[in-house]
Amino acid sequence: MGTTMAFHIALALFGVGIPFMISLAELLGIMRRDADFTTMAKRWTFAMATLFVVGAVSGTIVAVLFMVLLPPFMAIASKVIILPFTIEGFAFFIEAIFLGIYAYTWDRWKNPWVHWLTSIPILIASCASAFLITTVNAFMNTPQGFTDINGVIANVHPWLAMFNAAVPTETSHSILSYYATTAFVFAAVAVTVTKPYHKKMLAFSMVLALGFSLAVVATGDSSARFIAQNEPEKFAAAESVMQTEPNAPLVIGGIKMPELLSILVGGSRKTVVKGLDSFDPTTWPPLVVHYFFDLMVLIGVLMLIVPILLFLFWKWRPRWAFGKAMRWLIVITGILSVVGVEVGWMLTELGRQPYVIRNVLLTSDAFTTSHAVIAYAVVFPIAYVVLSGLTIWILLSHYRSHNDS
Amino acid sequence: MIAHLAIFIPVTSFFIYAILLFIECGVTMLACWPALIGDGTANVGENMDLALRYVTPVWEATNVFLVFAIISLAALFPVATPVWGRTLIVPLFIFLVVVAARIVGMLYVFYQRGKRRAMKALLFVADLLAPAVLFGGVVPFFLTGSLPHNALTWSFSFVVGSFAAIATIVFGLLFLNYAQARGKHDRLPAVELLLGVLFFGIAYFVTAIHQLPYIIYPSFTITNSITDPQSAIILLGVCAVGIVITVPALALLYFLFVL
């Protein structure tokens, strides 16, 4: 299950990010009458279509896996939090339909605006998909909109469950991070290819990357505050706070900054931060989430520094900006930004343990007891390795063979 | 009334998926066939051109019908759906593996324009197996409301699976006929294709309606397993709005590439 989800998230993030990049590039191409941007949009369309196909398959597998592997989870989820999935079904339709139209009608219409307009439904639907699915994850963190009396689910309010307390912080933080990550990966591609327009592509990606990274950091801050308020045990584990106290220090990468955590959480040194000692040790999340949190924050900081550094060099030291060191730094940031999304997701998942739906359903009770699970556990990770290998190979060989045209 | 409306949504979505899957798998199989026989040098046949032109723009939307069928089933009949999940764990697993193999083949042959014979053979086999496994392993139980319990049900499975494999080839041929005649003034291939869909549709919906009010015999009927009334109304409302938005978009897609 975890493998499938990890794979699906990596695909989904590009599924959300690439349509935005493509639509914007095509728009710039039309408005500035700059053929380079149009070429970029055209070339990226192949990647978008390929990743969408693979994403659709892994999405189908995820849907079936949920049904097959997690009957007790589905018994609750399909009563309470199925509304976003249902809406997502339609968003998925719109995305698939307009993707087909967009990818195969580049030369169909005389007026370039018509083709650009077909990218808008993809943009909206992919963003809506990410929002809707993230509301489900938010529900698992802050379940509401139903009553659970001895396992009997009643008084279901589907809209209340969907727009639960964690939705604003969690959806904004994750969707913005998908956009930022896609922009960084595009920048990494821009510095590895030698195209007449690669500087333009680099500038385009990095401007977006910087803007989105700022937004990711801002929403990350509000997410952290929200978690401190509403999921204190996750917060304590993530920040490695053992004792409940005011003047709590902030610990990142082993470095201790006194009182900073209290200030960040409550705006004052006197704010009491709940530590793990306030909770029953059997309900502690695995303490390793602290390292996930550290890694996520460090990657976030890197995502802010690298674009700024690049633009500073570009202005005053152009030779450094396009030097080998900077190119490597950009490529590494591109890869790390994907890692950042993955560890961010693992943080919210592992930080909720031992529950799969916080205080409602234990993860250990959520899985099926059927032995056929073993077949799933063996085959799907392998299938995903094959599928991702093939995807990467197809993308690489496609772009290599079209490089000189 | 609401329960009838509710079961109609996943059943219809699944029907559309089945028809599109038959056509796509059939067309793709027939496109791969020339490369498999003879010395294997025949690469780009006419069927391959037609498959590229008609299948690649629309096949991504096809998969959504399956996803939507599952989602709407789980949403509207939350108690019964996990029962299927538990019982059909093995056939569903085989189906997913075949689908994954089919995607690998599709990506290689259609997106990468790869020429390896082994990959075309893989795609050919996966195209034949995907509908067969779905219809043999899943559909009889989903559509008749009975769960597999003895050798007899599995032999029934085998019959339905073989039927699906044949239907795939038939629909592939019908569609290729239609595609070749498109633009000419010959209406017959289009009528044949429609009759094929109608024929299959009657068999499908008669079976589906026949089992009502049961969805899983004898414990689950549509009325006792539908989700609570308030949720049902909200979900059906969302579906109504969704259908109003999606149907014109689907019409545009098929109008641009297929019709």
Side-chain angles (χ1 to χ4, degrees), chain A residues 46 49-50 52-54 56-57 59-61 63-69 71-72 74-75 77-79 82-83 85-90 92-101 103-105 108 121 154 156-159 368 370 372-373 375-376 379-380 383 386-387 390-391 393-394 397-398, chain B residues 13 53 56-68 70-79 81-86 88-90 92-93 95-97 99-104 106-108 111-112 114 227-228 230-231 234-235 238-239 241-243 245-246 249-250 252-253 256-257:
Chain A
F46 180 82
T50 307
F52 183 83
V53 172
V54 185
V57 181
T60 310
I61 295 177
V64 175
L65 285 187
F66 264 107
M67 199 173 98
V68 172
L69 298 184
M74 286 304 287
S78 57
K79 276 183 205 146
I82 201 74
L83 181 62
F85 282 113
T86 312
I87 307 173
E88 148 74 3
F90 290 104
F92 195 23
F93 263 123
I94 295 297
E95 203 181 339
I97 291 167
F98 282 94
L99 199 94
I101 295 176
Y104 291 91
T105 56
R108 192 130 175 174
V156 175
H157 295 279
W159 292 111
T368 179
S370 169
V373 170
Y376 282 81
V379 171
F380 282 107
V386 173
L387 211 55
L390 184 87
T391 313
W393 175 74
I394 282 178
S397 62
H398 174 86
Chain B
S13 182
R53 223 172 91 203
T56 47
V58 298
W59 72 299
E60 305 189 348
T62 303
N63 290 317
V64 187
F65 283 99
L66 175 65
V67 176
F68 186 70
I70 296 175
I71 292 174
S72 54
L73 194 68
L76 292 160
F77 300 95
V79 192
T81 308
V83 179
W84 272 306
R86 268 198 296 275
L88 301 178
I89 192 165
V90 175
L92 280 171
F93 171 73
F95 176 66
L96 287 184
V97 172
V99 164
R102 183 168 168 256
I103 298 302
V104 168
M106 286 287 277
L107 283 174
Y108 178 82
Y111 279 42
Q112 187 54 25
T227 189
D228 68 276
Q230 198 196 347
S231 300
I234 292 177
L235 289 168
V238 163
C239 285
V241 174
I243 288 168
I245 297 170
T246 312
L250 277 169
L252 177 67
L253 177 74
L256 281 173
F257 297 108

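Protein chains get the first letters and strands the later ones, always in sequence-line order, with residue 1 at the start of each. For clarity, every value in this text was computed on a predicted model and none was experimentally measured. All heavy atoms count here, side chains included; hydrogens, waters and symmetry mates do not.
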Completion exercise
Cut-off 4.5 Å, heavy atoms of chain A, and the answer for T56(B) is both
Practice task
List the atom of A74(B), the atom of S78(A), and the distance in Å for their closest heavy-atom pair.
Solution key: O-CB, 3.3 Å
Exercise for the section: Output all residues satisfying ring-ring contact (aromatic ring centres under 6.0 Å, His included) with F98(A), sequence neighbours left out; order by chain, then residue number. Expected result: none
Fill in the blank from the handout: Ranking F92(A), Y104(A), F85(A), F46(A) by heavy-atom pairs under 4.5 Å to chain B gives rank one to Y104(A)
Handout entry: Structural part of L250(B) lying under 4.5 Å from a heavy atom of chain A
Key = both
Exercise for the section: Could you tell me which portion of V58(B) (side chain, backbone, both or neither) has an atom closer than 4.5 angstrom to a non-hydrogen atom of chain A? Expected result: neither
Problem - Heavy-atom proximity to chain A below 4.5 Å, by part of T246(B) - result: both
Problem - Heavy-atom proximity to chain A below 4.5 Å, by part of V79(B) - result: side chain
Handout entry: Proximity breakdown for L256(B) and chain A, heavy-atom pairs closer than 4.5 Å
Key = both
Practice task
For the residue pair Q230(B) and V156(A), establish whether any side-chain heavy-atom pair is separated by less than 4.5 Å.
Solution key: no
Problem - Heavy-atom side-chain contact between E60(B) and V53(A) under 4.5 Å - result: yes
Exercise for the section: Please list, chain by chain and in numerical order, all residues satisfying side-chain contact (heavy atoms from CB on, under 4.5 Å) with A61(B), sequence neighbours excluded. Expected result: A96(A), I97(A), L253(B)
